[in-house]
Amino acid sequence: MAGKVGVLALQGAFREHCRALADVGVEAVEVRQAGELAGLEGLVIPGGESTTMSKLMVAYGLEAPIRELHAAGAPLFGTCAGMILAARDAVDGLPDQRYLGLIDIVVRRNAFGRQVASFEAALALAGDPEPLTGVFIRAPWIESAGDGVQVLAEHGGHAVAAQQGSVLVTAFHPELTGDRRLHRRFAEMVERARGAVAA
Ligand code: GLN
């Protein structure tokens, strides 16, 4: 199985991701400083509050090192606020919000409505006959996606999960259910990326 994967632990639902990764046989380490990214084979950016996470990412000097880790071939998994950070842009972002631009999507924050719009929905996952329960918490959706992006799930006509190369994103929180299919998918991406580097 895959090796050591980091979970950005500035804020938000990082512990649950560590647990989910452990369930699929991946050693997860919490990342708060740039030095802790060294040697990682993948990175999860969890849900939380994208504006806060963005500020902390800049304050802790993590932006460039995360980009470098991705450029070096390490897969990235962004959920909810993490999807917003990984995106190219947001239609309704705040002026000082940073986007890592690691996946060619434009997102809409709090797209399903603000506090009220936390809900669960059964999602059809591309290529999988079994529906998946998506937990949406003030979730964004993918407003538009570039040609290179594969949409993996939609809700109400909006893309809510996607992949482009080594970047996987979901608008919902897969770490909050016991269903480990998306973490397993990410673990496989990490495993493949490691094979590519070793080859
Ligand atoms: N609404 C939050 C944001 O814009 C995301 C919510 C979440 O990650 N659960 O950052």
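As the structure lists them, so they are numbered: ligands from 1, and atoms in each ligand from 1.
The atoms of ligand 1 that sit less than 4.0 Å from any heavy atom of Ile84 are 3 (C), 4 (O), 10 (O). Which parts of ligand 1 touch Asn110 is read off a 4.0 Å heavy-atom cut-off, strictly below it: atoms 1 (N). Atoms of ligand 1 found under 4.0 Å from any heavy atom of Gly47 (numbered from 1 in listed order, with element): 8 (O).
Between Phe77 and His17, the angle of the ring planes goes over 60°, which puts this pair in the perpendicular group of the 30/60° scheme. Ring-plane geometry between Phe112 and His155 is classed as tilted, the angle between the planes lying from 30 to 60 degrees on a 0 to 90 degree scale.
Taking the charged nitrogens against the carboxylate oxygens, Arg138 and Glu49 do have a contact shorter than 4.0 Å, which makes a salt bridge. Ion pairing between a basic and an acidic side chain is recognised when a charged N comes within 4.0 Å of a carboxylate O; Asp23 and Arg180 show such pairing.
Checking only distances, Ala81 does come within under 3.5 Å of ligand 1, N or O to N or O. Polar contact check, Thr51 against ligand 1: no nitrogen or oxygen pair lies under 3.5 Å apart. For ligand 1, the polar-atom distance check against Thr79 finds no nitrogen or oxygen pair separated by under 3.5 Å.
For atom 10 (O) of ligand 1, the nearest non-hydrogen atom of the protein is Ser50 N, 2.5 Å. Residue, atom and distance of the protein heavy atom nearest to atom 9 (N) of ligand 1 are His173 NE2, 2.8 Å.
Ligand 1 lies out of reach of Met53, whose nearest heavy atom is not under 4.0 Å from it.
At a 4.0 Å heavy-atom cut-off, ligand 1 touches Arg109 through the side chain alone.
Each of Val5, Leu76, Val7, Val190 was scored for a side chain to side chain contact (heavy atoms under 4.5 Å, CB included) with Leu43, with one residue passing: Leu76.
Between Gln97 and Arg109, the side chains place no donor N or O within less than 3.5 Å of an acceptor N or O (distance only, hydrogens not considered).
Between Cys80, Pro140, Gly48, it is Gly48 that holds the heavy atom closest to atom 2 (C) of ligand 1.
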Would you check, one step at a time, whether the test side chain to side chain contact (heavy atoms under 4.5 Å, CB included) holds for His183 with Glu175?
CA-CA 8 Å; His183 285 85; Glu175 76 285 6; 3.9 Å; yes

